[in-house]
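Note that the structure is a prediction, hence the values are computed from the model and not measured. Both counts, for ligands and for their atoms, begin at 1 and track the order of listing.
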Amino acid sequence: MALGRARLERPSRYLVDERPLPAAEIDDEIERLRRAIEAAREELGVLRDRLHGSMAREVAEFIDAHSLMLADRELTSGIYDLIRQGGYRASAALKLQRDRLVAVFEAMDDPYLRSRKEDVEQVIARVQAGLQRDSSSEERKLASRIGEILVSDTVAPAELVPLAEAGVLGVVLSSGSRVSHGAILARSLHLPMVVAAHDALSAIAENDLILINGDSGEVIVHPSSADLARFRAWQRDSLQRSRQLALLAERDTRTRDGVEIALWANAESAADVALARASGAAGIGLYRTEFLFLQRRELPDEDEQFLAYRTLVLGMGGLPVTIRTLDLGADKADNSVLMLDPEDNPALGVRGVRLSLRHPQLMRTQLRAILRASAYGPVRILVPMVCASEEMTQMRALLRECARDLRSAGHEIAEHVELGAMIEVPAAAIALPGMIRQLDFVAIGTNDLVQYTLAVDRNNDHLANLYDPLHPAVLKLLAQTIATAQRAGKRVSLCGEMAGDRRYTALLLALGLTDFSMHPGALLEVREQLATLDRGALRKHAAALLRAPTHARIEAVLARMATSSP
Ligand code: PEP
Ligand code: MG
């Protein structure tokens, strides 16, 4: 039995660093261990001084026993030898010594003595904790005054909102990718995030001061004064840059040769809606409703959804809002609310429209809520993961049924609500000519289109180099989709992460895109970029782009384009 105050720690605290220790670092490592042992003894001393009451004497005996162990040359010299002669790092040496001593105690016949192995474990754990906390007192002082950066192996999208609300300043993940839903949501929350920092958990210790850069992917542990100066310069520059960009908020979006382009916003939160309005977005091009469904015990009912959608529609003050029907599955881990069966391959499983059609009641609830919100401003409905025309036929039938029921129950809803499909599965892009008549508009989801075209999991950081939006097959599908929609007179936007990435703006213009939908934080930068580009000139390069057989040749055409439309 135990009575105590719990302090929950991240697992990184007890991670053992198994990398071999270079000879040049031996003295420093010994010094780190000495400091950690000293810190553990000080902690025990403080604990002892605080004891009072009837159990104080007994507890003090335990503490003294632990302090004695820490002073015990035999225990500590073994650890120092492991570092000096064995080339172990301090944490690995501690673990080895712990294993040895525990084995000795376990071999004892006397049950009392055998149980004393716990003391060894506790003492060593205390030193391990001290090692992990190893940082200069200056740093500790600074760290105590600033907020936290979460370091973890992974974080579910649904966990990010409470983290941001709790004031976490940034996130470093040892896995993940830039186009994962976690990363997309982090951008929406203005939460700097670094993904695929593979050794983050072993290289960063609890309470370490770290400086992270979500753009470059840098994580600096124990930043130097030069790093901190760079950080201050970045803060200054980004403030200046946002003031400069703010001047563009009221401007039209036009290319240098005067072609009007529509910049839509992807929105996940109220802050996104406000930013979209403030940046002069054409409307909301993608509202991912699945975030309403995550991390909760029961499904949001029609009224709850209606209120959320109405808030969105009202927030956009008459500009069109594109609400996407539920796209659960794949990497949106927390599906418990829907009781989905686990799947071996969720990215190819029951997600998006497939899930919707298997649970028509779930879809009716959502469609009814969206239709009711349409009474408050222009709304479009977007269906994710469409592969076949039949899926859209069924969705349209459901939509008609919901509209009819609502009208006969006396609800006010818009005369006409447009129904569109996400083109994010290659089959849909290829078969679009046969499907386009059924669609009021088209939205290209490159995050998934790239994943499914190249058979590269968008969340797998080990395949990040293969996840290539500039693959010839991807460009062909993009160009075909844009052309098919435009020939049929249907509006086509692109709402994957590519749309907000300025490296691709000229490329997308060249392929004929006129509607971009992106995180609102990227909108003004893309507007600024567009004003420098000559669409007419870029369009002339489309054929060369589509002929180029490799990524490298596509890059070469892009470089030529940059010189013809600087
Ligand atoms: C996409 O796939 O490009 C997209 C916009 O949708 P999501 O990122 O939610 O899958
Ligand atoms: Mg998608």
**Q** Taking N or O atoms only and a 3.5 Å limit, does Asn447 qualify as a polar contact for ligand 1?
**A** yes
**Q** Identify, by atom number and element, the atoms of ligand 1 in contact range of Asp448, meaning under 4.0 Å from any of its heavy atoms.
**A** 1 (C), 2 (O), 3 (O), 10 (O)
**Q** At less than 4.0 angstrom from any non-hydrogen atom of Ile184, what atoms of ligand 1 do you find?
**A** 8 (O)
**Q** Any donor-acceptor pair under 3.5 Å linking the side chain of His519 with the backbone of Gly521?
**A** yes
**Q** Looking at Leu248, is its backbone amide N or carbonyl O close enough to the side chain of Arg527 to form a donor-acceptor pair, meaning the two atoms are under 3.5 Å apart?
**A** yes
**Q** As an exercise, identify every atom of ligand 1 less than 4.0 angstrom from a heavy atom of Gly445.
**A** 1 (C), 2 (O), 3 (O)
**Q** Just heavy atoms, cut-off under 4.0 Å: does His181 contact ligand 1 by side chain, backbone, both, or neither?
**A** side chain
**Q** As an exercise, identify every atom of ligand 1 less than 4.0 angstrom from a heavy atom of Leu286.
**A** 5 (C)
**Q** Establish, from distance only, whether the side-chain atoms of Thr289 and Gln366 form a donor-acceptor pair under 3.5 Å.
**A** yes
**Q** Between Arg241 and Glu528, is the closest basic N to carboxylate O distance under 4.0 Å?
**A** yes
**Q** Give the name of the N/O/S atom in Glu424 that lies closest to the Mg ion (ligand 2).
**A** OE1
**Q** Out of the N/O/S atoms in Asp448, what is the name of the one closest to the Mg ion (ligand 2)?
**A** OD2
**Q** Between Glu343 (side chain only) and Gly349 (backbone N and O only), is there a donor and an acceptor less than 3.5 Å apart?
**A** no
**Q** Just let me know how Asn266 lines up against ligand 1, side chain, backbone, both or neither, with a heavy-atom cut-off below 4.0 Å.
**A** neither
**Q** Hey, is Glu290 close enough to Arg324 for a salt bridge, meaning N to O under 4.0 Å?
**A** yes
**Q** By number and element, which atoms of ligand 1 are closer than 4.0 Å to a non-hydrogen atom of Gly496?
**A** 3 (O)
**Q** Answer with yes or no whether the side chains of Thr253 and Glu260 bring together a donor and an acceptor at under 3.5 Å.
**A** no
**Q** Taking only heavy atoms of Cys495, which atoms of ligand 1 are found under 4.0 Å from at least one of them?
**A** 5 (C)
**Q** Got a salt bridge between Arg351 and Asp448, using NZ or NE/NH1/NH2 to carboxylate O under 4.0 Å?
**A** yes
**Q** In residues 463-478, what donor-acceptor pairs under 3.5 Å come from side-chain atoms, sequence neighbours left out?
**A**
{"unit_1": "Tyr467", "atom_1": "OH", "unit_2": "Asn447", "atom_2": "O", "d": "2.6"}
{"unit_1": "Asp468", "atom_1": "OD1", "unit_2": "Leu470", "atom_2": "N", "d": "2.8"}
{"unit_1": "Asp468", "atom_1": "OD1", "unit_2": "His551", "atom_2": "ND1", "d": "3.0"}
{"unit_1": "Asp468", "atom_1": "OD2", "unit_2": "His551", "atom_2": "ND1", "d": "2.7"}
{"unit_1": "His471", "atom_1": "ND1", "unit_2": "Ala473", "atom_2": "N", "d": "2.9"}
{"unit_1": "Lys476", "atom_1": "NZ", "unit_2": "Leu546", "atom_2": "O", "d": "3.1"}

**Q** Between Ile444 and ligand 1, which part of the residue brings a heavy atom under 4.0 Å of the ligand: side chain, backbone, both or neither?
**A** neither
**Q** Which one holds for Glu268 and ligand 1: side chain close, backbone close, both close, or neither close, with close meaning a heavy atom under 4.0 Å?
**A** neither
**Q** Check ligand 1 against Arg458 and write out every atom of the ligand that is under 4.0 Å from a heavy-atom position of the residue.
**A** 2 (O), 7 (P), 8 (O), 10 (O)
